[in-house]
2 protein chains.
Amino acid sequence: MTIGEVSKKLNIPIATLRFYDSEGLLLNVKRDEAGIRHFDEANIASLRLIECLKQSGMQLKEIKEFMNWCAMGDSTLNLRKEMFIKQKSNIEAKISELKRALSLIEYKCWYYDEALRDGNESRVKNMKLDEIPEDIRAKYCGFNS
Amino acid sequence: MTIGEVSKKLNIPIATLRFYDSEGLLLNVKRDEAGIRHFDEANIASLRLIECLKQSGMQLKEIKEFMNWCAMGDSTLNLRKEMFIKQKSNIEAKISELKRALSLIEYKCWYYDEALRDGNESRVKNMKLDEIPEDIRAKYCGFNS
DNA sequence: TCTTGACCTAAAGTTAACTTTAGGTATTAA
DNA sequence: TTAATACCTAAAGTTAACTTTAGGTCAAGA
């Protein structure tokens, strides 16, 4: 596949693909006589993995280090495994942080619902904890502690 | 509370607190005669909210816009409610993307576990889909599609 | 033939969200 | 009295991850 085809398929800008290649995030991208890149299935799989690792908060330089380990062969299997184990717990932590954030947002949704019903904030703003419906209070307290 | 106390309590660098204040993310931070900031409970609540919104992917300029709405009173209640509703779905989307990423990472953990057991990648690398245990295959395919 | 489109490189520019620096005031501890 | 602390401002610097620019090659269609 050419760079334009990959760009369309994975929805990644061409400039970004070149940038990743130049940064060493892609192993073994073949070139023809004219110097034009031809991506194979392994390159596509790498790109999907890169997207996923990036999305889970990993930096490009760490991803590059991982790619270097891949190029070094079996002696780095353990390093690579450890990396994924660590990344797994990073993602799990991120998910639970987001769930906590979601609680507060849901409380805020309820808050503005009430305020809009009243036309102003005063009642809901001055509400005591025990006046707040139990399910909403749980969200709010879960966040504040 | 002084800026140093807030910094310790919320674990946010002093310079960052000053930066947020100067950017207009904090409403009504009081100053004494000497020009020293004194944060009240409402400021602390704003900071907690800022952390949460940031963490869920919102930019500082959007957060600032929200703070401006707050300062404008009841006429912006609806805008604020809509913002939280949108942010709620942003977080939900983020969580499901992370779950998808987690699937691939878990597949990779399994992959390197197998490879390490063998001492090399060849067997697991050449495995056909139907040779992969069903639970692992589900993770892998869920990602690739 | 000419121009349009897909590819290439090297290098400079951009953006967000801080972070650091340089220089200053005011209070407290020895 | 001096020296350490905690605060202040304005402005410059940093970092990651792109993105844009400028200039060039090559093949196909009108």
Side-chain angles (χ1 to χ4, degrees), chain A residues 1-26 28-40 43-44 46-68 83 87 90 94 97 101, chain B residues 1-26 28-40 43-44 46-68 83 87 90 94 97 101:
Chain A
M1 295 177 95
T2 66
I3 201 166
E5 288 162 348
V6 175
S7 170
K8 265 183 202 148
K9 185 183 175 96
L10 301 185
N11 208 25
I12 301 172
I14 289 177
T16 304
L17 293 170
R18 292 207 184 99
F19 170 69
Y20 287 169
D21 189 22
S22 74
E23 290 291 288
L25 270 71
L26 299 171
N28 265 324
V29 177
K30 299 282 165 16
R31 304 277 191 131
D32 64 19
E33 330 74 49
I36 289 175
R37 292 176 183 85
H38 291 273
F39 296 79
D40 61 19
N43 299 140
I44 302 293
S46 291
L47 282 165
R48 282 201 220 268
L49 178 58
I50 288 167
E51 287 292 278
C52 159
L53 292 174
K54 232 182 18 145
Q55 203 233 319
S56 64
M58 211 162 149
Q59 283 176 224
L60 298 190
K61 65 177 170 189
E62 300 173 88
I63 298 177
K64 179 183 175 169
E65 190 175 35
F66 167 76
M67 294 301 176
N68 287 338
M83 191 207 79
Q87 205 54 27
N90 285 349
K94 243 173 209 287
E97 279 166 27
Chain B
M1 294 176 93
T2 66
I3 201 167
E5 288 163 347
V6 175
S7 170
K8 266 183 200 149
K9 185 183 173 96
L10 300 185
N11 208 25
I12 301 171
I14 288 176
T16 305
L17 293 171
R18 291 207 185 99
F19 170 69
Y20 287 169
D21 189 21
S22 73
E23 290 290 289
L25 270 73
L26 299 171
N28 264 324
V29 178
K30 299 284 166 15
R31 303 278 190 131
D32 64 19
E33 328 76 48
I36 288 175
R37 291 175 184 85
H38 291 274
F39 297 79
D40 60 21
N43 299 141
I44 302 293
S46 291
L47 282 165
R48 283 201 219 268
L49 178 61
I50 289 168
E51 287 292 278
C52 161
L53 292 174
K54 234 184 16 148
Q55 203 234 317
S56 65
M58 211 163 149
Q59 283 175 226
L60 297 191
K61 65 177 169 190
E62 300 174 89
I63 297 177
K64 179 183 175 168
E65 191 175 35
F66 167 76
M67 294 300 174
N68 288 338
M83 190 206 81
Q87 204 53 27
N90 286 348
K94 243 173 208 286
E97 280 166 25

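Letters A, B, ... are given to chains in the order of the sequence lines, protein chains preceding strands, and every chain is numbered from 1.
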Atom pair distance, as rounded to whole Å: [atom1] in [X] and [atom2] in [N]:
X: B:I14; N: D:dT5; atom1: CD1; atom2: P; answer: 14 Å
X: B:E33; N: D:dC8; atom1: CD; atom2: P; answer: 13 Å
X: B:E65; N: C:dA16; atom1: CD; atom2: P; answer: 14 Å
X: A:L17; N: C:dA6; atom1: CG; atom2: C1'; answer: 14 Å
X: B:D21; N: C:dA17; atom1: CG; atom2: P; answer: 17 Å
X: A:K64; N: D:dA17; atom1: NZ; atom2: C1'; answer: 14 Å
X: A:D32; N: D:dC26; atom1: CG; atom2: P; answer: 11 Å
X: B:K8; N: D:dC7; atom1: NZ; atom2: P; answer: 8 Å

Distances under 3.5 Å only, N/O to N/O: pair up the protein atoms with those of nucleotides 9-12 of chain C.
unit_1: C:dT9; atom_1: OP1; unit_2: A:R31; atom_2: NH1; d: 3.0
unit_1: C:dT9; atom_1: OP1; unit_2: A:R31; atom_2: NH2; d: 2.9
unit_1: C:dT9; atom_1: OP2; unit_2: A:R37; atom_2: NH1; d: 3.3
unit_1: C:dT9; atom_1: OP2; unit_2: A:R37; atom_2: NH2; d: 3.0

Once rounded to the nearest 0.5 Å, what's the spacing between atom [atom1] of [X] and atom [atom2] of [Y]?
X: B:R18; Y: B:R37; atom1: CZ; atom2: CZ; result: 6.0 Å
X: A:I50; Y: A:L26; atom1: CD1; atom2: CG; result: 4.5 Å
X: B:M83; Y: B:E65; atom1: CE; atom2: CD; result: 9.5 Å

What nucleic acid atoms does B:T2 come within less than 4.0 Å of, heavy atoms only: base, sugar-phosphate, or nothing? sugar-phosphate
Please list each protein N or O that sits under 3.5 Å from an N or O in nucleotides 23-27 of chain C, with the distance.
none

Taking only side-chain N and O atoms of [X], does any of them lie within less than 4.0 angstrom of OP1 or OP2 on [N]?
X: B:K54; N: C:dC18; value: yes
X: A:Y20; N: D:dC18; value: yes
X: A:T16; N: D:dA17; value: no

Could you check B:M58 against B:A15 and say which one's nearest nucleotide on DNA chain C is further toward the 5' end? B:M58
Starting at the 5' end of DNA chain C, which residue's closest nucleotide do you reach first, A:F39 or B:F19? A:F39
Evaluate the side chain to side chain contact (heavy atoms under 4.5 Å, CB included) criterion for residues B:L25 and B:F66: first the C-alpha distance (whole Å), next the side-chain angles of each, then the deciding distance (0.1 Å), finally the verdict. CA-CA 9 Å; B:L25 270 73; B:F66 167 76; over 6 Å; no
Would you say that more than 12 heavy atoms from the other residues, nucleotides or ligands in this model lie under 6.0 Å from the CG of A:D32, or not? yes
Kindly check if the number of other-residue, nucleotide or ligand heavy atoms within 6.0 Å of CG (B:N68) is above 12? yes
Audit row: A:L47, A:L17, side chain to side chain contact (heavy atoms under 4.5 Å, CB included) steps and yes/no: CA-CA 9 Å; A:L47 282 165; A:L17 293 170; 3.7 Å; yes
Checking side chain to side chain contact (heavy atoms under 4.5 Å, CB included) for the pair B:N90/B:S56: CA distance, chi angles, key distance, verdict? CA-CA 8 Å; B:N90 286 348; B:S56 65; over 6 Å; no
For A:Q59 and B:I3, take the nucleotide of DNA chain D holding the closest heavy atom to each; which residue's nucleotide lies nearer the 5' end? B:I3
For A:K61 and for B:E5, find the nucleotide of DNA chain D with the closest heavy atom, then tell me which residue's nucleotide is more 5'. B:E5
Just by distance, do the side chain of A:N43 and the backbone of A:D40 share a donor-acceptor pair under 3.5 Å? yes
Salt bridge check: are A:E51 and A:R48 linked by an N-O gap of less than 4.0 Å? no
